[in-house]
Amino acid sequence: MIERDLEDLPTLVSLCKRRGFIFQSSEIYGGLNSCWDYGPLGAQFKFNVKMSWWKEMTRRQDIVGLDAAILMHPTVWKASGHVDGFSDPLVDCTDCKTRFREDHGGQSKDGKLACPNCKSTNLTEPRNFNLMFETYMGPVKDDAGIVYLRPETAQGIFVNFLNVQTSMRKKLPFGIAQIGKSFRNEITPGNFTFRTREFEQMEMQFFVKPGMDDEWFENWKKTRMSYYDRIGLRQEKLRFHPHGEGELAHYAKAAFDVEYNFPIGWQELEGIHNRTDFDLSQHQEFSGKKLEYFDEAAKEKFLPYVIETAVGCDRLCLAVLCDSYREEVRQLENGKEDTRVVLRFKPEFAPIKAAVLPLSKKPQLQELSAKVRDSLIDQWDVEYDEAGSIGKRYRRQDEVGTPLCITVDFDSLEDNAVTVRHRDTMEQDRVNLDQLRGYVAEKLAQF
Ligand code: GAP
């Protein structure tokens, strides 16, 4: 048997559409560039990814959750630097009319910036383009009503720092975690859900005493990498990328990206930043409200430093999909090749944990299968499927990453037992229905 990894994104795009994971947004109208809808299995899968991150963060004693509004007071974005600084320089090629980000341009022989499409050096001067989406609050469309769709969830955490700290009686160091939509009018979205204009972020701001920040930065780097290991991403596909001086965001003292080796190459999955007290001091200045923390033991007031971990939920979903995808190619006796596509999810991510499959549509089998499904559904996402041959149904479940298939056959009516097929090994066990719940729990824990 030969095993192949995912070679390109179009293969995954096609599987995601075929199997109900991800559809192009507004497809019947020709689609909306870079916008995607999660289908029934995709929505459950994405929810599972979010729950994994949420539990990882909020089950710690030193982290609490938050769900802040997308629309915020417009001054928030002045204070954060996004109104003045959150922009990309854009250049137009006057020959082929391609518009591109200055840092995505090529170079001509004499070292000048060149069009990445036609290589021409006849270009306009770079013009800054703000990446924030604007909209209007209330019925009148004038400047006084302008609000922004948040370009990061982090600011909702910073402006609520004291609310959370006092209401939850938290002492430093502690963190606030949040999952939510962010919007950026990206100039070059693309590569499926890798870079989109509407996306979900999972961000955690960890507030520490100044002076403790370097230690906590290192600590969070380790913690985040070990999380990715635990959820099953292959270690050889992960690495750190330290930001050089030119790369550092305006708020950061130090930054590392966790990169994943996608089929499009090594790309940022998560950013880990030491944001110092930049955000809290900006909000303190712009709002005129003190945001200092009072350290009772030392009897001193100060603005905490912040270590941030920020991962795109859609991007993590994409990494998990890419990492789990395998093609198993087997030589058949007739000389032909058979390819089995399988998503080797950890069960916590699988949208369906077990599928119950009656061998045929005979009413007795349907009835017993429904009973089997009902006996498991309170604890696991279980699907009942009776459409098509059993072989095709197994393959469909392999392709959507279902760890276990439970087949109800004619013998089941006699021996009160079912056949359970294991996704990765394709091995089968005969299991008595009285023992099925224990068996499923045990097997899911072993993946
Ligand atoms: N609060 C810090 C912050 O937002 P970022 O590096 O700009 O930092 C964090 O974003 C993460 O959000 C990225 O590592 C990436 O996973 C995700 N992300 C950013 N822009 C994205 C986009 N246009 N589409 C999908 N995910 C995006």
Side-chain angles (χ1 to χ4, degrees), residues 1 3 15-16 18-21 39-42 44-45 48 232 321 324-334 336-447:
M1 196 255 290
E3 210 176 277
L15 183 152
C16 284
R18 196 169 63 244
R19 296 302 187 193
F21 275 88
L41 295 193
Q44 182 64 55
F45 164 63
N48 296 346
L321 282 167
S324 332
Y325 182 97
R326 291 290 188 294
E327 287 174 12
E328 296 173 2
V329 187
R330 291 183 178 77
Q331 286 291 332
L332 299 179
E333 281 176 5
N334 62 10
K336 290 190 178 155
E337 273 186 357
D338 172 58
T339 304
R340 182 173 87 115
V341 173
V342 53
L343 290 183
R344 289 195 196 155
F345 289 141
K346 284 265 184 202
E348 69 168 321
F349 295 129
I352 304 169
K353 313 293 185 219
V356 179
L357 315 171
L359 194 62
S360 88
K361 287 187 185 166
K362 288 274 175 329
Q364 303 98 305
L365 294 192
Q366 288 175 323
E367 202 180 307
L368 182 57
S369 301
K371 273 195 197 144
V372 172
R373 179 188 175 275
D374 290 350
S375 73
L376 301 171
I377 197 69
D378 64 320
Q379 198 172 341
W380 296 286
D381 296 300
V382 179
E383 189 186 74
Y384 172 85
D385 182 13
E386 59 175 29
S389 74
I390 191 75
K392 285 210 172 109
R393 279 182 276 160
Y394 281 151
R395 287 299 167 94
R396 173 177 176 270
Q397 297 298 339
D398 291 340
E399 261 201 322
V400 302
T402 305
L404 301 172
C405 284
I406 302 168
T407 305
V408 177
D409 55 27
F410 289 101
D411 289 344
S412 308
L413 301 172
E414 308 297 327
D415 66 0
N416 200 38
V418 286
T419 300
V420 185
R421 173 183 175 272
H422 193 284
R423 180 193 67 203
D424 296 348
T425 58
M426 291 193 282
E427 277 169 12
Q428 305 195 350
D429 288 329
R430 193 79 185 161
V431 182
N432 193 284
L433 286 178
D434 298 335
Q435 271 126 43
L436 189 61
R437 279 178 74 94
Y439 177 91
V440 168
E442 186 192 319
K443 288 292 161 189
L444 289 179
Q446 284 169 2
F447 271 86

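In what follows, every heavy atom counts, from backbone to side chain, and hydrogens, waters and symmetry copies are set aside.
- Inter-residue side-chain proximity for Ile377 and Tyr384 is flagged as unmet; no heavy-atom pair is nearer than 4.5 Å.
- Closest heavy-atom contact between Lys346 and Phe447: NZ-O, 3.4 Å.
- With hydrogens and angles disregarded, no donor-acceptor distance shorter than 3.5 Å links the side chain of Arg396 to the backbone of Arg19.
- Taken from CZ in Arg340 to CE in Met1, the straight-line distance is 7.5 Å, to the nearest 0.5 Å.
- Taken from CZ in Arg393 to CG in Leu359, the straight-line distance is 7.0 Å, to the nearest 0.5 Å.
- Across all their heavy atoms, Pro403 and Lys353 have their closest contact at CD-O, 3.2 Å.
- In this pair, Phe21 and Phe345 present their aromatic rings tilted. The plane angle is within the 30 to 60° band.
- Annotation: salt bridge (charged side-chain N to carboxylate O under 4.0 Å, His left out) contacts involving residues 355-381, sequence neighbours excluded, comprise Asp378-Arg437.
- Side-chain contact between Thr407 and Gln428 is absent, with no heavy atoms from C-beta onward closer than 4.5 Å.
- Applying the side chain to side chain donor-acceptor pair (under 3.5 Å) criterion to Asp424, with sequence neighbours excluded, gives no partner residue.
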- Query: Given the rule in the side-chain contact (heavy atoms from CB on, under 4.5 Å) test, do Cys16 and Leu321 qualify, once you have shown the distances and angles that lead to the verdict?
  - Reply: CA-CA 9 Å; Cys16 284; Leu321 282 167; 4.0 Å; yes

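- Under the rule for a side chain to side chain donor-acceptor pair (under 3.5 Å), Ser369 has no partner lying at least two apart in sequence or in another chain.
- In this structure, CG in Leu343 is found 9.0 Å from OG1 in Thr402, a value given to the nearest 0.5 Å.
- Residues Val440 and Val382 form no side-chain contact, since every pair of their non-hydrogen atoms from C-beta on lies 4.5 Å or further apart.
- Here the CG-NZ distance, from Leu436 to Lys443, works out to 12.5 Å after rounding to the nearest 0.5 Å.
- Remark: Arg421 pairs with Asp398 by the salt bridge (charged side-chain N to carboxylate O under 4.0 Å, His left out) rule, at least two apart or across chains.
- Residue Glu3 qualifies as enclosed at atom CD: its count of foreign heavy atoms under 6.0 Å is above 12.
- Distance check, rounded to the nearest 0.5 Å: CD1 of Ile406 to CG of Asp429 gives 11.5 Å.
- Checked against side chain to side chain donor-acceptor pair (under 3.5 Å), Arg18 has the following partners two or more places apart in sequence or in another chain: Ser14, Glu399.
- A side-chain donor-acceptor contact under 3.5 Å links Ser412 to the backbone of Ala417.
- No side-chain heavy atom of Val400 sits less than 4.5 Å from a side-chain heavy atom of Phe45.
- One distance of note links CZ of Arg395 with OG of Ser389; it measures 10.0 Å at 0.5 Å rounding.
- Nearest heavy atom pair, residue Leu365 against residue Asp409, reads CD2-O, 3.4 Å.
- Using a 4.0 Å cut-off between a side-chain N of Lys or Arg and a carboxylate O of Asp or Glu, Glu328 and Arg344 qualify as a salt bridge.
- When the side chain to side chain donor-acceptor pair (under 3.5 Å) test is applied to Thr425, the partners found at least two apart in sequence or on another chain are His422.
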